[in-house]
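Encoded as structure tokens, the structure appears first; notes follow it.
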Number of protein chains: 2
Amino acid sequence: MKPAFSPWLAELSEAEVEPLVLASVLLSLVVVYLAAKIGGELCARVNLPAVLGELIGGVIVGVSALHLIVFPASGGEVQSLLMNLVGMTTGQAPGDLLRVFQGESEVISVLAELGVIVLLFEIGLESDLKELIRVGPQAAVVAVVGVVAPFAAGTAGLILIFGIDTIPAVFAGAALTATSIGITAKVLAEMQQLSSREGQIIIGAAVLDDVLGIIVLAVVASLAKTGEIEILSVAYLVAGAATFLVGSIFIGRLLSPYFVMVVNQMRTRGQVIISALIFAFVLSYIAAAIQLEAILGAFAAGLILAETSKHKEIEEQISPIADMLVPIFFIVVGARTDISVLNPLNPENRAGLVIASFLVVVAVLGKVITGLAVFGQPGINRLAIGVGMIPRGEVGLVFAGVGAASGVLTESLDAAIIVMVIFTTFLAPPLLRVVFKDDEGPVSPATPAPELKTADKAGS
Amino acid sequence: MKPAFSPWLAELSEAEVEPLVLASVLLSLVVVYLAAKIGGELCARVNLPAVLGELIGGVIVGVSALHLIVFPASGGEVQSLLMNLVGMTTGQAPGDLLRVFQGESEVISVLAELGVIVLLFEIGLESDLKELIRVGPQAAVVAVVGVVAPFAAGTAGLILIFGIDTIPAVFAGAALTATSIGITAKVLAEMQQLSSREGQIIIGAAVLDDVLGIIVLAVVASLAKTGEIEILSVAYLVAGAATFLVGSIFIGRLLSPYFVMVVNQMRTRGQVIISALIFAFVLSYIAAAIQLEAILGAFAAGLILAETSKHKEIEEQISPIADMLVPIFFIVVGARTDISVLNPLNPENRAGLVIASFLVVVAVLGKVITGLAVFGQPGINRLAIGVGMIPRGEVGLVFAGVGAASGVLTESLDAAIIVMVIFTTFLAPPLLRVVFKDDEGPVSPATPAPELKTADKAGS
């Protein structure tokens with residue numbers, strides 16, 4: 001092991017690094033929570049979704065502005081002001097802190113991922129599997145239209161209007177297909193619309209879209225790398241995704257009575273929440289291991305446990321854990337987004353901004369029309385469903401990241417994709433508010449949203 | 001940044017490493033929780049403290065046995081079976097996973113540290129500052145006797161009986177002074193003895209002992225390094241510790257009404273727990289930055305918030321977070337402990353085991369007598385106080401680690417210290433049960449222990 005460590009250990013030994021990593025993580029969490037709460041509270045006061053404030057808070061502390069929460073993976077020279085602060089307060093020279101910075105960003109990244117895993121687990125717990133299966137056909141249509149329409153219109157437009165080569169155009173078109181289930185689900189939960197029919201269709205479609213997105217990304221990435229599509233690995237992905245989603249829910253429902261039995265037998269503290277977390281993390285690990293996303297496993301685990309007699313207790317106990325971890329995710333999404341590509345004064349950005357305005361239009365329209373595809377649901381808010389599919393969020397950033405790394409995207413096209421992600425992500429939460437307001441109120445406000453529960457508590 | 005990464009990146013790019021680190025962390029957490037719950041439940045069934053089961057569970061999954069939860073910092077060739085498992089299930093060659101393993105252990109270490117921070121925050125919340133100040137003089141006497149007695153007896157015995165040189169003898173003597181506040185506090189909480197007078201004296205003494213231990217370690221480490229004591233840096237530590245403990249509580253109490261005011265103004269979800277965590281993490285960071293331990297800051301934060309009107313809510317919401325994070329700490333303490341030094345069949349261990357039996361006797365007696373030093377408390381359970389100070393736990397492991405790294409300790413003396421730490425850590429929880437059983441029951445069972453709260457919930 002030793003030689004591998006050497007480049008990091010200019011001055012500090014491993015025993016000295018560990019407490020510094022911990023201290024940096026503590027300071028990062030303080031920054032994350034302050035940004036999340038200040039952003040969230042300000043947005044809540046002007047009647048915007050709190051999650052939008054968290055994203056903006058993340059942008060402010062991230063790579064675009066304050067450089068407090070930054071990640072070495074974003075490439076190039078990274079200057080972390082947070083590490084300078086740690087250096088100043090602990091008396092370490094900033095240059096010695098490279099290894100500490102690496103550890104700190106690793107930990108914050110994983111905490112953010114655990115945050116979105118816990119969020120999707122919570123969303124699963126608050127969803128109704130039967131309702132989800134019932135709206136399944138509608139959700140599937142919404143997901144497929146929401147992938148095909150923006151992909152076809154985007155790719156064709158880039159080739160025909162902007163004269164971009166086929167492979168980069170396909171890549172940019174693929175980036176238009178993503179939907180960020182995290183952002184949409186959080187806004188729906190804040191508005192207590194998660195259990196409405198529209199909410200369940202959106203969640204179902206977003207989950208399917210996540211699977212489709214992974215498949216599209218795999219196809220496009222292999223196309224970008226080798227110039228052709230590896231049919232076998234795509235078939236493996238599709239089969240794996242289908243088997244996982246159906247299999248985990250089927251086997252999970254068979255096993256869930258044993259889950260309740262084991263939990264009832266346990267006598268030590270935390271038996272319910274630890275058992276639930278074991279279940280959620282096992283499914284998340286399996287989903288991650290078969291190249292799907294961990295959040296799909298967490299969502300499936302939530303859906304299964306929602307049907308057990310323990311679901312109230314689990315919901316109650318996961319709630320503070322979600323409060324602690326979920327903001328880290330939204331702050332990190334904001335912090336990783338480099339909004340300097342939006343500056344029209346920089347001549348290098350202009351070409352990108354022109355393409356970007358085209359992509360934004362296609363991205364919004366391509367998802368809004370999905371609501372029209374919903375059949376057999378008279379009186380449903382079609383616009384709300386379409387708008388719910390708009391935010392690209394972290395999934396869009398992954399497309400941009402993979403595209404930039406593979407080298408198929410020109411700088412202006414890469415920037416255009418990032419601009420499209422920023423616009424759809426930041427516009428969708430307030431838009432969702434507006435389109436749901438047109439409704440007469442929640443269609444089936446059975447489960448109270450977590451937002452309310454905490455507000456009640458605070459008043460007591 | 002790039003060149004610094006190269007040794008890790010034999011095969012995997014940074015974009016490929018991140019999901020693998022997340023997957024490894026998920027699998028590690030599953031292993032941690034299974035070990036903690038199986039160990040804890042088995043111990044609870046034979047009427048032993050659950051935390052002992054978690055420590056033993058940690059030993060079983062750690063470096064001593066299954067090699068599932070291991071850390072590169074423990075030195076030498078490390079074989080992580082967990083990483084092999086990750087390699088197998090994700091199709092990566094184990095050799096490519098070095099960088100992933102590094103990330104995974106970093107994250108698990110920090111989660112363990114966050115666990116003990118949350119534990120001490122919870123202990124602080126359940127403690128009574130006024131009672132703690134009232135028993136302060138007794139706690140101080142217990143702490144000082146518990147440092148001086150084992151240090152003097154241990155060092156003298158090693159020099160006079162075993163003919164060991166002064167500096168290594170002083171180092172081993174210093175390792176005898178530590179007290180693991182985490183283990184003692186957890187056992188007290190499990191027995192609902194945290195708010196008893198004995199419990200508060202033990203907690204107060206253990207906190208002071210933690211500060212004394214840091215000072216002793218600094219003195220001994222500088223002695224080992226340069227052969228002399230750096231008076232200035234020791235004076236700085238002492239002044240810093242005193243200023244921090246008094247100052248944080250004084251300023252914290254002045255600011256706590258504003259804390260309640262701000263929380264009451266907030267409208268978004270998680271306002272109570274996030275505000276409490278910001279407070280706890282800021283104090284933890286300050287404590288870590290001035291070379292004290294982060295847990296001292298967390299304890300101080302808990303003490304201060306315990307006096308606000310929000311303390312019930314904070315206690316309720318920190319409880320599932322503690323359930324999630326605290327077991328990671330105890331499993332990691334167990335996993336880092338190499339019990340192979342206990343094997344008497346290995347001739348290399350024998351010299352160490354002879355010294356170890358001497359150290360264990362001094363370690364136990366040196367702390368047990370501290371109960372005798374308590375004055376002006378008629379009818380108090382002196383034996384319980386003494387036994388409460390016995391476990392060296394993770395603090396003892398730090399002494400052994402620093403000693404081994406500085407090279408002043410011979411292999412057998414290093415092994416003897418580890419054996420002493422293992423014995424005191426694993427014997428104290430059952431011993432505490434026995435000595436508290438002799439009592440007529442809890443002296444002042446005002447606050448229900450968290451153990452009970454969860455048990456109630458499970459029954460509902």
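Throughout, a chain's letter reflects where its sequence line sits, starting with A, and its residues are numbered from 1.
- Most heavy-atom pairs under 4.5 Å with chain A: of the set B:Glu113, B:Arg45, B:Gln265, B:Glu293, this distinction falls to B:Arg45.
- Judged by distance alone, the side chain of A:Glu41 and the main-chain N or O of B:Thr268 form a donor-acceptor pair under 3.5 Å.
- Comparing A:Ile318, A:Ile278, A:Ile108 by how many heavy-atom pairs each has under 4.5 Å with chain B, the most go to A:Ile278.
- Comparing B:Ala322, B:Ala289, B:Ala36, B:Ala288 by heavy-atom pairs within less than 4.5 Å of chain A, the highest count is held by B:Ala289.
- Neither the backbone nor the side chain of B:Ile290 comes within less than 4.5 Å of any heavy atom of chain A.
- For chain A, the nearby part of B:Leu85 is the backbone; its heavy atoms alone come within less than 4.5 Å.
- For the pair B:Pro320 and A:Glu316, the minimum side-chain heavy-atom distance is 4.5 Å or more.
- Remark: the backbone N or O of A:Ser319 is paired with a side-chain donor or acceptor of B:Arg269 at under 3.5 angstrom.
- For A:Ser109, the part lying under 4.5 angstrom from a heavy atom of chain B is the side chain only.
- A pairwise comparison of heavy atoms in B:Tyr285 and A:Thr90 identifies OH-CG2, 4.4 Å as the closest pair.
- Taken to the nearest 0.5 Å, the CD atom of A:Glu106 stands 9.5 Å off from the OG atom of B:Ser105.
- When each of B:Ala44, B:Pro327, B:Ser275, B:Gly103 is scored by its heavy-atom pairs under 4.5 Å with chain A, the top score falls to B:Gly103.
- Note that OH of B:Tyr33 is 9.0 Å distant from CD1 of A:Ile273, once rounded to the nearest 0.5 Å.
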(request) I would like to know whether A:Leu111 and B:Leu111 meet side chain to side chain contact (heavy atoms under 4.5 Å, CB included); could you show each step before the answer? (result) CA-CA 9 Å; A:Leu111 287 176; B:Leu111 286 177; 3.8 Å; yes

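- In terms of heavy-atom proximity, B:Leu325 sits nearest to A:Met324 at CD1-CE, 4.0 Å.
- Your options are B:Val326, B:Ile321, B:Leu277, and the one with the most heavy-atom pairs under 4.5 Å with chain A is B:Ile321.
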Donor-acceptor pairs under 3.5 angstrom involving side-chain atoms of residues 19-32 of chain A: please list them, not counting sequence neighbours.
residue, atom, partner, partner atom, Å
A:Ser24, OG, A:Leu20, O, 2.6
A:Ser28, OG, A:Ser24, O, 2.7
A:Ser28, OG, A:Glu104, OE2, 2.5

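- The side chain to side chain contact (heavy atoms under 4.5 Å, CB included) search around B:Ala301 returns B:Phe121, B:Phe279, B:Ala280, B:Leu283, not counting sequence neighbours.
- With a 4.5 Å cut-off on non-hydrogen atoms, B:Thr89 touches chain A through its backbone and its side chain both.
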